[in-house]
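Throughout, protein chains are lettered first and strands after them, A, B, ... in sequence-line order, and every chain is numbered starting at 1.
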Amino acid sequence: MLSFKSLIDEIENNIHKILDELSVSDISFSVEPAKPGFGDASSNVSFLLAKQLKKNPKEIADMLSAKFEKSQNTLVSRVESHPSGYLNFFADWEKLNQLILSESNLDEFGSVDLGKNSTMIVEHTSVNPNKALHIGHIRNIIIGDTIARILKKSNFKVNVLNYVDDSGLQVADIIVGFRHFNFPLQPPLGKKFDHYCGDDVYVETTEKYEQDPSLDEIRKNILKELEDGTSETAQFADKITRQVLENQLETCWNLGVFYDCLNFESQIIRSGLWRKIFEKLKEMFLVEFETEGKNEGCWVIRGDNNEEDKVIVRSNGTATYIAKDIPYAAWKLGLLEDPFNYQKYEKIQPGNHVLWQTTLASSNEPKQNFTAEKVITVIDSRQARLQKIITTLMSKFKSANDAYVHLGYESVTLSADTAQTLGLNTDGKQAQMSGRKGLYVNADSVYDLLKNKTMEETKKRHSEMSDDEIKKIAHIVSVGTLRYEMIKQDLDKIITFDMTKSLSLEGDTASYIQYTHARASRIIEKSQRCPSIDVDFSLLTDASELDLVKTIGLFDSNVMNAAQNLSPKVVARYCHDLAVSFNSFYEHVKVLDLGDRKLENSRLCLVNSFKLTLKKALDLLGIVAPDKM
RNA sequence: GGACUCGUAGCACAGUCUGGAUAGUGCGAGCGGCUUCGAACCGCUAGGUCGAGGGAUCGAAGCCCUCCGAGCCCUCCA
């Protein structure tokens with residue numbers, strides 16, 4: 001890949017050669033894009049040599065820069081030894097412009113080969129199918145989807161899975177509601193079925209438990225019946241959860257999130273995978289039977305150092321929650337024989353991206369393979385302890401100890417103001433969402449709110465547009481805004497969601513970034529020319545132009561960083577950097593009506609490179625780059 | 001009590017993995033910029049003992065230790 005990294009590589013190679021001449025080795029110096037005002041790339045190598053050579057960094061920098069001037073340089077035009085001791089390098093911009101701008105016109109620009117075409121599973125979403133998705137689930141979904149996109153760009157063969165937890169207590173609760181409290185199967189007019197199940201059936205049913213503890217018996221019985229697939233209750237529950245799942249998927253698809261396969265917990269339970277993995281655990285002495293103490297009669301996994309033992313099989317012989325995750329994790333890594341058949345999901349995903357689902361029944365479709373060498377499971381960090389147990393177990397089953405990765409993230413909480421609008425006074429503190437208490441902001445309503453807002457904004461600017469066109473743009477901007485809010489900060493920072501502040505369209509937002517793309521598109525459109533890379537690159541000399549080229553050239557480095565660290569925000573920040581750089585360029589130099597066609601063409605080439613690169617970078621975030629907005 | 005995470009400007013966050021120059025961005029505040037390729041924009045100003053203390057280092061927001069504050073987990077719940 002030819003990009004800014006070519007310059008960095010050249011500098012690194014030449015420094016290495018100089019160090020060899022000096023017979024110095026084992027120095028892991030860095031060469032990085034320079035801060036503004038310090039050239040184009042900088043190295044700290046003189047600091048690291050200071051001790052060995054017993055000279056101060058500045059003397060070493062002087063010596064190195066003199067030697068560097070004599071080495072084979074094609075992309076470096078000049079070296080400077082800064083009084084601080086840094087070596088600052090200045091690029092030959094005519095060559096670098098050509099290199100970066102030509103490369104940026106290729107489809108695979110920004111791709112890196114971290115994965116070497118190896119297989120990878122990204123599992124995300126994994127929500128109980130008893131309610132609509134809320135803003136907390138959306139964080140999970142967007143992180144997972146973005147990671148999958150970044151890993152694909154990094155040459156991993158990625159399969160995206162959604163684990164549908166359709167046999168747990170939460171599902172039992174709405175079944176109790178339908179069966180014992182006679183909630184009608186039809187939602188009120190105009191309400192989606194998933195909203196109805198979550199807002200009404202689930203919340204009101206759990207309320208009743210509090211008033212009448214004797215209902216617990218009913219709940220347990222329902223749960224038991226769910227595990228037996230042949231029971232009438234289980235088949236009824238299957239109908240209900242399938243309908244909720246379909247509604248949840250509609251929400252995901254609307255946000256540009258797609259899957260490769262749906263795995264159902266109920267099927268994993270009925271598949272017998274648990275018995276197999278339990279035998280294996282026993283053979284490997286990873287579980288122990290407790291004959292005394294508080295866990296008497298249970299099978300447990302011993303806790304590390306100070307941690308408590310974890311019960312995985314109760315004294316009555318039933319498996320606990322974590323136990324269900326163990327066979328699934330092993331299945332994902334291909335450690336167990338696959339008991340499933342596969343069929344296509346009933347509804348077609350937008351874009352015709354095929355969606356499979358597991359089944360225990362026979363199927364006319366060929367057997368699929370969704371297992372992978374590495375697995376990333378996106379689950380919020382409140383489950384870190386359980387996930388750690390799974391990770392440890394998997395590392396004992398499979399020699400590679402990073403084969404199973406729990407990608408954790410902090411939760412989404414509600415701001416005091418937003419909690420208040422939902423009827424909860426928190427004394428100015430943020431509040432945890434709760435499905436059971438009905439305290440959440442659901443994803444569909446956030447999207448609707450954003451869409452109305454963006455439609456108004458778009459109308460203001462484009463009185464000439466048809467309603468259809470305005471809706472299309474509003475959709476793109478709303479989805480972008482929501483997605484960007486969910487990944488622009490680090491995974492281990494809590495997001496405090498506020499109905500008004502989080503939906504801003506100004507500042508560090510998706511719409512700011514999308515706007516620059518629209519600006520670039522308009523310039524190209526107005527030029528009435530097809531941008532070409534057959535231009536005079538030496539004409540691009542303004543600081544704002546070179547800065548933009550440089551930022552474009554850093555695309556692949558950012559993709560690599562994001563993929564290595566499983567950090568979607570790296571790409572988000574890169575998109576923002578690109579937009580800032582373009583806006584600065586836009587203010588500083590004009591592209592059209594210069595009366596100098598050669599210069600116009602050079603700048604058009606730059607504008608087009610920016611546009612192509614931003615589009616690719618936004619695509620990694622699942623954000624669409626509009627030509628008008 | 002133990003595990004994990006966080007603490008950087010009034011607020012929300014980058015930068016910490018991989019130590020080096022002048023600690024960045026957005027919101028908010030103050031001022032300025034559309035007869036000009038789109039103002040969902042741009043420029044300028046003010047605002048910081050990088051939670052506290054100690055240590056190793058020529059050099060710390062970053063590494064190590066201790067402490068303080070916040071969150072979260074620690075069920076034969078899921």
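Side-chain N/O atoms of A/Lys569 include none lying less than 4.0 angstrom from OP1 or OP2 on B/C13. Contact check, A/Arg573 against B/G24: no side-chain N or O comes under 4.0 Å of OP1 or OP2. Using a 4.0 Å cut-off, no side-chain N or O of A/Lys590 falls inside it from OP1 or OP2 of B/C37. The side chain of A/Asn583 places no N or O atom within less than 4.0 Å of a non-bridging phosphate oxygen (OP1 or OP2) of B/C41. OP1 or OP2 of B/A40 has at least one side-chain nitrogen or oxygen of A/Arg461 nearer than 4.0 Å. One finds a side-chain N or O of A/Lys429 lying less than 4.0 angstrom from the OP1 or OP2 phosphate oxygen of B/G71. For the OP1/OP2 pair of B/C37 and a distance below 4.0 Å, the side-chain nitrogens and oxygens of A/Arg529 include no atom meeting the criterion. In terms of phosphate contacts, A/Arg519 brings a side-chain nitrogen or oxygen within less than 4.0 Å of OP1 or OP2 of B/A39.
Counting non-hydrogen atoms under 4.0 angstrom, A/Val570 reaches nothing in the nucleic acid. As judged by a 4.0 angstrom heavy-atom cut-off over every strand, A/Ile312 is placed among residues making no nucleic acid contact. Here A/Tyr512 lies in heavy-atom contact (under 4.0 Å) with sugar-phosphate atoms only. Base engagement by A/His462 is indicated by at least one non-hydrogen atom pair under 4.0 Å involving a base atom. In this structure, A/Lys628 reaches the bases: a heavy-atom distance under 4.0 Å links it to at least one base atom across the strands shown. Nucleic acid contact class of A/Lys488 (heavy atoms, under 4.0 Å, all strands): none. Using a 4.0 Å heavy-atom criterion, one finds that A/Gln432 contacts the sugar-phosphate atoms exclusively. As judged by a 4.0 angstrom heavy-atom cut-off over every strand, A/Arg382 is placed among residues touching the sugar-phosphate backbone only. Within 4.0 Å (heavy atoms only), A/Ser315 reaches at least one base atom of the nucleic acid. A/Asn316 comes within 4.0 angstrom of no nucleic acid atom, judged by non-hydrogen atoms across all strands. Using a 4.0 Å heavy-atom cutoff across all strands shown, A/Ser28 reaches no nucleic acid atom at all. If you check every strand for non-hydrogen atoms under 4.0 Å, A/Ile494 touches sugar and phosphate atoms only. At a threshold of 4.0 angstrom between heavy atoms, the contacts of A/Gln170 with the nucleic acid are absent. At a threshold of 4.0 angstrom between heavy atoms, the contacts of A/Glu296 include nucleobase atoms, whether or not backbone atoms are also involved.
Counting only heavy atoms from C-beta on, A/Lys35 has its side chain closest to B/A21 among B/C74, B/G26, B/A21. Comparing B/C37, B/G26, B/C74 by their closest approach to the side chain of A/Glu308 singles out B/C74. Of the candidates B/G38, B/A40, B/A21, the closest approach to any side-chain atom of A/Ser84 belongs to B/A21. Looking at the side chain of A/Lys493, the nearest of the listed nucleotides B/A39, B/C13, B/A40 is B/C13. The side chain of A/Asp508 approaches B/G26 more closely than any other nucleotide in the set B/C13, B/G26, B/C76. The listed nucleotides are B/A14, B/C37, B/A40; the one nearest the side chain of A/Tyr515 is B/A40. Counting only heavy atoms from C-beta on, A/Tyr586 has its side chain closest to B/A39 among B/C41, B/A39, B/C73.
Because its NZ or CZ atom is both nearer than 6.0 Å to the ring centre of A/Tyr209 and within 45° of the ring axis, A/Arg219 counts as a cation-pi partner of that residue.
For the side chain to side chain contact (heavy atoms under 4.5 Å, CB included) with A/Glu469, the qualifying choice from A/His462, A/Glu464, A/Lys628 is A/Lys628, the only one to do so.
Between the side chain of A/Asn88 and the base of B/A21, a donor-acceptor pair under 3.5 Å is found. Judged by distance alone, with hydrogens and angles left aside, A/Ser42 brings a side-chain donor or acceptor within reach of the base of B/A21, the pair sitting under 3.5 Å. A donor-acceptor contact under 3.5 Å is not formed by the side chain of A/Thr454 with the base of B/A40.
Comparing the C1' positions of B/C34 and B/G71 gives a spacing of 47 Å, expressed to the nearest Å. With P as the reference atom, B/G2 and B/C68 are 11 Å apart, rounded to whole Å. Separation of the C1' atoms belonging to B/G53 and B/A12 is 28 Å when rounded to the nearest angstrom. Comparing B/G24 with B/A9, their C1' atoms are spaced 11 Å from each other, to the whole Å. For the P atoms, the distance from B/U22 to B/G38 is 41 Å, rounded to whole Å. Nucleotides B/A23 and B/A70 have their P atoms positioned 31 Å apart, rounded to a whole Å. Comparing the same atom, C1', in B/C64 and in B/C77 gives a spacing of 40 Å after rounding to whole Å. With P as the reference atom, B/G10 and B/G47 are 11 Å apart, rounded to whole Å.
Side chains of A/Tyr404 and A/Thr377: a donor-acceptor N/O pair is present below 3.5 angstrom, by distance only. Side-chain N/O atoms of A/Thr516 and A/Asn583 include no donor and acceptor closer than 3.5 Å. For the residue pair A/Ser81/A/Lys58, the side-chain donor-acceptor check at 3.5 Å is satisfied.
RNA chain B is contacted by both A/Val589 and A/Arg385; A/Val589 maps to the nucleotide lying nearer its 5′ end (nearest heavy atom per residue). Comparing A/Ala50 and A/Gly297 along RNA chain B, the residue whose closest nucleotide (by nearest heavy atom) sits nearer the 5' end is A/Ala50.
Partner assigned to B/U16 is none, using Watson-Crick or G-U wobble distances below 3.5 angstrom. Using N1 to N3 plus N6-O4 or O6-N4 for Watson-Crick, or N1-O2 and O6-N3 for G-U wobble, each under 3.5 Å, B/A29 pairs with B/U45. Of the nucleotides present, B/U66 is the one that pairs with B/A52 by Watson-Crick or G-U wobble criteria, both distances under 3.5 Å.
The interatomic distance linking A/Ile513 (CD1) with B/G26 (P) rounds to 12 Å, in whole Å. Note: CD1 (A/Ile301) to P (B/C76) measures 13 Å, nearest angstrom. In this structure, A/Glu464 atom CD and B/G38 atom C1' are separated by 11 Å, rounded to whole Å. One atom, CG of A/Asp627, and another, P of B/G38, lie 13 Å apart when rounded to the nearest Å. If you measure from atom OH of A/Tyr574 to atom P of B/G15, you get 17 Å, rounded to the nearest angstrom. At whole-Å resolution of the value, CG in A/Asn558 and C1' in B/G15 are 14 Å apart.
Using modelled atom types, no side-chain atom of A/Asn162 and backbone atom of A/Thr125 make a donor-acceptor pair closer than 3.5 Å. In this structure, the side chain of A/His137 engages the main chain of A/His134 through a donor-acceptor pair within 3.5 Å.
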Would A/Gln430 and A/Leu414 count as a side chain to side chain contact (heavy atoms under 4.5 Å, CB included) if you check the C-alpha gap in whole Å, the side-chain angles of each, and the deciding distance to 0.1 Å? CA-CA 6 Å; A/Gln430 49 183 255; A/Leu414 299 177; over 6 Å; no
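The aromatic rings of A/Phe278 and A/Trp274 lie parallel to each other, their planes meeting at an angle below 30°, with 60° marking the opposite boundary.
For the pair A/Ser504 and A/Thr509, the tightest heavy-atom approach, listed with the atom from each and the gap, is O-CG2, 3.5 Å.
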